[in-house]
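The block underneath contains the structure these notes are about, expressed in structure tokens.
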Amino acid sequence: MLDIKLIRNDPDLVKENIKKKFQFDKLPLVDEVIEMDKEYREAHTRADYLRSQRNSISKSIGALMAQGKRDEADEAKKQVTAMADEMAQLAVKEDELSAEIRKRMLVIPNIIDASVPIGKDDSENVEIERFGEPVVPDFEVPYHVDIMESLHGIDLDSARKTSGNGFYYLCGDIALLQSAILAYARDFMVDRGFTYYIPPFMIRSGVVDGVMSFAEMEGMMYKIEGEDLYLIGTSEHSMIGKFIDTFLTEDDLPQKLTSYSPCFRKEVGAHGIEERGVYRIHQFEKQEMIVVCKPEESMQWFDTLLKNTIDFFRTLDIPVRSLECCSGDLADLKVKSMDVEAWSPRQQKYFEVGSCSNLGDAQARRLGIRVKNKETGNYFPHTLNNTVVAPPRMLIAFLENNLREDGSIAVPEALRPYFRNKAEIR
RNA sequence: GGAGAGAUGGCUGAGCUGGUCGAAGGCGCACGACUGGAAAUCGUGUAUACGGGGAACCGUAUCAAGGGUUCGAAUCCCUUUCUCUCCGCCA
């Protein structure tokens, strides 16, 4: 969400940005907002004037009553009553206009960073850097579910019976492996100065409305029947939600948080859940990182957050690459975003395991997250988030990359303290 | 889940028989005076958003949130959320 003052002062910049994102159908929104904003301010000014009149007359009524001047007081009351209609109409107009303006503001995309490559869709995303050698072993790498089954680590049949497609039982060493990865990820982030959080796994509709669009909500969120509660799709929802309508002081910045939560997603969007396996599922666990910082520091934090995830995967011997979202693939709220992709020896390509985003001040403006500053005035901080690791999807990369020819799995050094000090799974 | 009490500025706390209340007092904070310097003391100031104005400043809204009554609501009524106490139920 942009500052309306930016739209007023530099509509061409906003339009250029929309063009860069190939969202030509949104171009008219800019002029609509400018026009409605003008109307709104006219109505607002007039309504303020009437309210001011009413307030002063009402005060005088009090004085007249105190002096016992009944008739004059009644006369004054009539004056206020005469304004009532216009005031009511203006109030309705103000509400309608501001709602219409907000509706448009929410879909006008954030100004993308100058470094974002221009492109229509995900096919034009740009690989930035590779880390580690993408190895294709000379033996065949089985499908991840087959690896898990051979290690007695997954039961999809039972899960379909109890919960349906898109759910899983992990068991034995694979379940332990997932717990180990999450515990390791937690400590990895704590060692880098982040504060560990276990947030609420359900949030109210008011928070949901704040953190996502209606379309996203329909496609992602599970609602608890009979309660005003939704299962979170990611801990970012509760973690950013915790700051809604709050003032931070500059001493509070930067907020460096890492949160664990299960994530629940309906996945009713484009893909659905057709594939067998744990790539796209209704329930997974995730370690996330969140930063709230001063605007001038956000790009630096972006690089730091991205590096955290890459470093994490590298300590587990998984080759990764960073892939920058091009303008057309970048979500409207984001200034810049890079995916971390892990190497799949079986598919011989990289696949998404995490996403690092700089939201600029758009999320903070939308949610009313502000920072107090007496000298320069209060301002909106920048917000960023990134995935540390999200198993079981990450397990696919882990198992494929650490698979040995005999079917056993090598456990990298870094993970062993969390994995009952075992060096392999067989 | 039941019964009761409550939610006021950065904090504390009055107001809550509706009008001079954006809100006393205290604490904190900022600036100034006093001082060799400091403490103490004294003085002044100290919310947010939007709109208008070059600016000083002016207007409007905000006393948990939303709605209602009224010429006028922190104050009365309704709904929701949250907090505390007691009871119940539990990991």
Side-chain angles (χ1 to χ4, degrees), chain A residues 1-9 33-105 198-211 223-230 238 241-253 262 361-381:
Chain A
M1 189 165 166
L2 294 173
D3 187 347
I4 191 150
K5 286 173 189 153
L6 179 70
I7 299 181
R8 269 182 218 151
N9 299 335
V33 165
I34 290 171
E35 185 53 38
M36 286 176 167
D37 176 53
K38 197 169 153 246
E39 267 188 72
Y40 169 80
R41 280 187 290 167
E42 278 166 13
H44 187 68
T45 304
R46 174 70 184 157
D48 273 0
Y49 170 74
L50 291 176
R51 279 189 278 260
S52 148
Q53 290 295 300
R54 184 198 63 192
N55 287 345
S56 63
I57 295 170
S58 291
K59 270 181 192 171
S60 71
I61 291 174
L64 292 170
M65 295 291 262
Q67 292 163 31
K69 296 179 181 168
R70 260 273 164 69
D71 295 345
E72 287 178 51
D74 284 343
E75 196 55 39
K77 280 187 195 179
K78 278 179 195 161
Q79 287 179 40
V80 177
T81 312
M83 307 191 312
D85 271 357
E86 190 184 355
M87 289 183 73
Q89 280 169 25
L90 284 169
V92 170
K93 196 173 175 189
E94 279 181 286
D95 287 350
E96 282 174 359
L97 282 169
S98 60
E100 286 297 318
I101 290 167
R102 184 175 168 86
K103 201 169 109 190
R104 284 163 179 74
M105 294 285 288
I198 300 174
F201 302 155
M202 298 184 204
I203 51 176
R204 290 221 176 88
S205 58
V207 179
V208 176
D209 290 341
V211 297
K223 188 175 188 334
I224 305 296
E225 195 179 337
E227 305 274 336
D228 180 30
L229 285 172
Y230 290 78
S238 352
K242 115 190 180 72
F243 293 107
I244 289 179
D245 289 325
T246 54
F247 271 101
L248 299 165
T249 67
E250 293 203 313
D251 294 342
D252 296 329
L253 298 182
D361 66 3
Q363 190 171 45
R365 174 172 294 107
R366 178 171 169 173
L367 299 178
I369 303 169
R370 282 164 295 174
V371 179
K372 279 206 185 275
N373 185 310
K374 280 213 168 125
E375 287 83 56
T376 63
N378 300 335
Y379 62 89
F380 294 103

Can a side chain N or O of A:Arg204 be found less than 4.0 Å away from OP1 or OP2 on B:C82? yes
Its dot-bracket string being built from Watson-Crick and G-U pairs below 3.5 Å, with | for another strand and [ ] for crossing, RNA chain B has the pattern ((((((((.[[[..)...(.....]]]((((((.......))))))((((((....)))))).[[[[[..)....]]]]])))))))....
A:Ile369 CD1 to B:U48 C1', in whole Å, measures 17 Å
- [ ] Indicate yes or no: at least one non-hydrogen side-chain atom of A:Phe380 is less than 4.5 angstrom from one of A:Arg370.
- [x] yes
B/S/- along nucleotides 18-23 of chain B (protein heavy atoms under 4.0 Å) is -B----
Taken to the nearest whole Å, CD/A:Gln79 to C1'/B:G72 is 14 Å
**Request:** Describe the nucleic acid contact of A:Asp74 in one word from base, sugar-phosphate, nothing, applying a heavy-atom distance below 4.0 Å.
**Result:** nothing
Rounded to the nearest 0.5 angstrom, the CG-CG distance for A:Asn378 and A:Leu248 is 11.0 Å
Checklist entry - Roughly how far apart, to the nearest Å, are B:C31 and B:C84 at atom C1'? => result 40 Å
One should read off an interatomic distance between A:Glu72 CD and A:Ser60 OG, to the nearest 0.5 angstrom, of 9.5 Å
Here the distance between atom C1' of B:A49 and atom OH of A:Tyr379, to the nearest Å, is 18 Å
Task: Separation between the C1' atoms of B:C57 and B:U70, rounded to whole Å - done: 33 Å
P gap between B:U8 and B:G4, integer Å: 22 Å
Note: for A:Lys78 and A:Arg370 on RNA chain B, the residue whose nearest nucleotide lies more 5' is A:Arg370
Rounding to 0.5 Å, atoms CE (A:Met83) and CG (A:Leu50) come to a distance of 5.5 Å
When rounded to whole Å, the CG to C1' distance for the pair A:Leu248 and B:G10 reads 14 Å
Query raised in the report: Checking A:Arg366 side chain against A:Met1 main chain: does a donor-acceptor pair fall under 3.5 Å?
Result: no
Discussion item. For the C1' atoms, the ones on B:U81 and on B:C90, what distance do you get once it is rounded to whole angstrom?
Written reply: 24 Å
For A:Arg41, is there an ion pair with A:Asp37 - N to carboxylate O distance below 4.0 angstrom?
yes
So CD of A:Glu42 and OG1 of A:Thr45: to nearest 0.5 Å the spacing works out to 7.5 Å
- Task: Using a strict 4.0 Å threshold on nitrogen-to-oxygen distance, state whether A:Glu100 and A:Lys103 make a salt bridge.
- Result: yes
Under 3.5 Å, side chain of A:Asp252 to main-chain N/O of A:Thr249, donor-acceptor pair present? yes
* Asked: Is the side chain of A:Asp228 donor-acceptor paired with the backbone N or O of A:Arg204 at a distance under 3.5 Å, no angle test?
  -> no
Would you check if there is a donor-acceptor pair between the side chains of A:Ser52 and A:Asn55 at a distance under 3.5 Å? no
| query | Has A:Tyr49 got more than 12 heavy atoms of other residues, nucleotides or ligands less than 6.0 Å from its OH? | reply | no
Heavy-atom check, side chain of A:Met202 versus side chain of A:Tyr230, under 4.5 Å: no
> Taking the same atom, P, in B:A65 and in B:A73, what whole-Å distance lies between them?
Replying inline: 16 Å
Note to self: Could you tell me how far B:G1 sits from B:C76 if I compare only their C1' atoms? Round to whole Å.
What the structure shows: 30 Å
From CZ of A:Arg102 across to P of B:A49 the rounded distance in Å is 16 Å
Taking the P atom in each of B:A39 and B:G22, what is the distance between them to the nearest angstrom? 37 Å
Here the distance between atom C1' of B:U81 and atom CG of A:Leu229, to the nearest Å, is 12 Å
A:Met87 atom CE is separated from B:G72 atom C1', nearest whole Å, by 11 Å
- B:A64 versus B:U46 - spacing of their P atoms, nearest Å: 23 Å
Whole-Å distance, A:Lys372 NZ to B:A49 C1', equals 11 Å
Its contact letters, B for base, S for sugar-phosphate only and - for none at protein heavy atoms under 4.0 Å, make nucleotides 50-63 of chain B read BSS------BSS--
